[in-house]
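Okay, structure first, notes after.
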Amino acid sequence: MKGIRQYRIKELISNQIIETQEELVEALRETGLQVTQATVSRDMKELMLIKTPAGDGKYRYALPQDQQRHNPINKLKRALLDHFVHIDFTDNLVVMKCLPGTANAIGALIDNMEWGEVMGTICGDDTILIICRNKETSNELVDKLLDLLN
């Protein structure tokens, strides 16, 4: 469950000062995830974590400020390939099912794409409601998302 693990890493480094990889491994284990140092190291590279000043001469892990803009279509494609389950639509509403715990991350990626047909997303644990501008654009969006899976 790489997506869930990486989502938790983002949560942890956003809400806590984590100075070392060992602290991050321990924090992930405290959330119930069974991780190894090697797995966390790979995740950190994929997320492109950086060290930023935390005060008192200390540093903490953080996401780069431009990470949301860095290769967004590839990030969305990868997330869909790893976590997509099903998609359906009616009128201007698209409902996407994904693996548990991944809907918020995928919804954020869709929101950051700044696609004109998307007004916004509402995400649960495993379901994303995508609100489109009209029926035609919801059909276009479904085709666009399915194309990413091919």
Side-chain angles (χ1 to χ4, degrees), residues 1-89 93-132 138 141-150:
M1 298 301 251
K2 178 175 156 180
I4 293 171
R5 193 176 57 246
Q6 289 186 354
Y7 180 77
R8 291 259 170 82
I9 289 171
K10 289 178 186 179
E11 279 185 327
L12 289 167
I13 65 170
S14 295
N15 298 322
Q16 299 178 30
I17 294 177
I18 296 183
E19 294 183 75
T20 67
Q21 191 171 333
E22 292 79 16
E23 288 178 21
L24 183 55
V25 168
E26 185 58 33
L28 287 166
R29 288 180 180 158
E30 288 173 7
T31 69
L33 291 175
Q34 298 302 313
V35 296
T36 65
Q37 191 84 22
T39 300
V40 172
S41 180
R42 280 191 301 273
D43 286 338
M44 291 171 69
K45 285 180 184 174
E46 286 182 24
L47 292 170
M48 297 180 284
L49 296 187
I50 58 172
K51 287 256 186 151
T52 61
D56 297 333
K58 297 181 180 181
Y59 287 85
R60 67 181 289 171
Y61 283 110
L63 293 167
Q65 288 186 354
D66 67 344
Q67 190 199 26
Q68 293 294 343
R69 299 273 179 232
H70 180 75
N71 224 352
I73 196 72
N74 287 341
K75 286 183 181 188
L76 178 58
K77 181 175 183 163
R78 183 65 192 179
L80 291 174
L81 289 170
D82 288 347
H83 309 293
F84 175 83
V85 175
H86 177 75
I87 194 167
D88 201 358
F89 73 99
L93 303 175
V94 177
V95 176
M96 182 186 303
K97 291 287 196 172
C98 48
L99 295 177
T102 61
N104 281 303
I106 294 172
L109 289 170
I110 291 170
D111 286 336
N112 287 324
M113 293 303 299
E114 297 180 9
W115 286 332
E117 60 264 44
V118 176
M119 291 180 67
T121 61
I122 300 171
C123 304
D125 183 57
D126 64 355
T127 305
I128 305 166
L129 173 62
I130 306 168
I131 303 161
C132 296
S138 65
L141 178 67
V142 169
D143 289 344
K144 191 181 286 189
L145 291 168
L146 291 174
D147 284 345
L148 289 174
L149 291 166
N150 293 324

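Heavy atoms only: backbone and side chains are in, while hydrogens, waters and symmetry mates are out.
- Using a distance-only test at 3.5 Å, with no hydrogens or angles considered, no donor-acceptor pair links the side chain of Lys51 to the main chain of Lys58.
- Shown here are the side chain to side chain contact (heavy atoms under 4.5 Å, CB included) partners of Asp111, two or more places apart in sequence or in another chain: Thr121.
- When all heavy atoms are compared, the tightest approach of Arg8 to Leu28 is CB-CD2, 3.9 Å.
- Counted within 6.0 Å of OH on Tyr59, heavy atoms from surrounding residues, nucleotides or ligands total 12 or fewer; the atom is thus considered open.
- Separating the CG atom in Leu47 from the CD1 atom in Ile9 is a distance of 5.5 Å, to the nearest 0.5 Å.
- At least one side-chain heavy atom of Lys77 sits under 4.5 Å from a side-chain heavy atom of Leu81.
- Judged purely by atom type and a 3.5 angstrom limit, Thr102 uses its side chain to pair as donor or acceptor with the backbone of Leu99.
- Atom-to-atom distance recorded for Tyr61:OH and Leu12:CG is 13.5 Å, nearest 0.5 angstrom.
- Proximity of a side-chain donor or acceptor of Arg60 to a complementary backbone N or O of Gln16 within less than 3.5 Å is detected.
- Heavy-atom neighbours of Arg78 CZ from other residues, nucleotides or ligands within 6.0 Å: at or below the threshold of 12.
- Each of Leu80, Leu129, Leu141, Asp126 was scored for a side-chain contact (heavy atoms from CB on, under 4.5 Å) with Met96, with one residue passing: Leu80.
- Sorted by first and then second residue, the salt bridge (charged side-chain N to carboxylate O under 4.0 Å, His left out) pairs with a member in residues 32-43 read Arg5-Asp43; sequence neighbours excluded.
- In terms of heavy-atom proximity, Thr36 sits nearest to Arg29 at CA-NH2, 4.3 Å.
- For the atom pair Asn104 CG and Ile4 CD1, the distance stands at 11.5 Å (nearest 0.5 Å).
- No side-chain heavy atom of Ile87 sits less than 4.5 Å from a side-chain heavy atom of Val95.
- In this structure, Ala103 and Gly124 approach most closely via the heavy-atom pair CB-O, 3.2 Å.
- The two atoms that bring Gln21 and Ser41 nearest to each other are NE2-CB, 3.2 Å, heavy atoms only.
- For the atom pair Lys75 NZ and Met113 CE, the distance stands at 11.0 Å (nearest 0.5 Å).
- Annotation for Ile106 and Cys98: closest pair CD1-CB, 4.0 Å, computed over non-hydrogen atoms.
- Between Pro64 and Ile50, the shortest heavy-atom distance links the atoms CA-CD1, 4.0 Å.
- The CD1 atom of Ile130 sits 13.5 Å away from the CE atom of Met119 when rounded to the nearest 0.5 Å.
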N/O donor-acceptor pairs under 3.5 Å from side chains in residues 142-150, not counting sequence neighbours:
from	atom 1	to	atom 2	distance (Å)
Lys144	NZ	Glu117	OE2	2.8

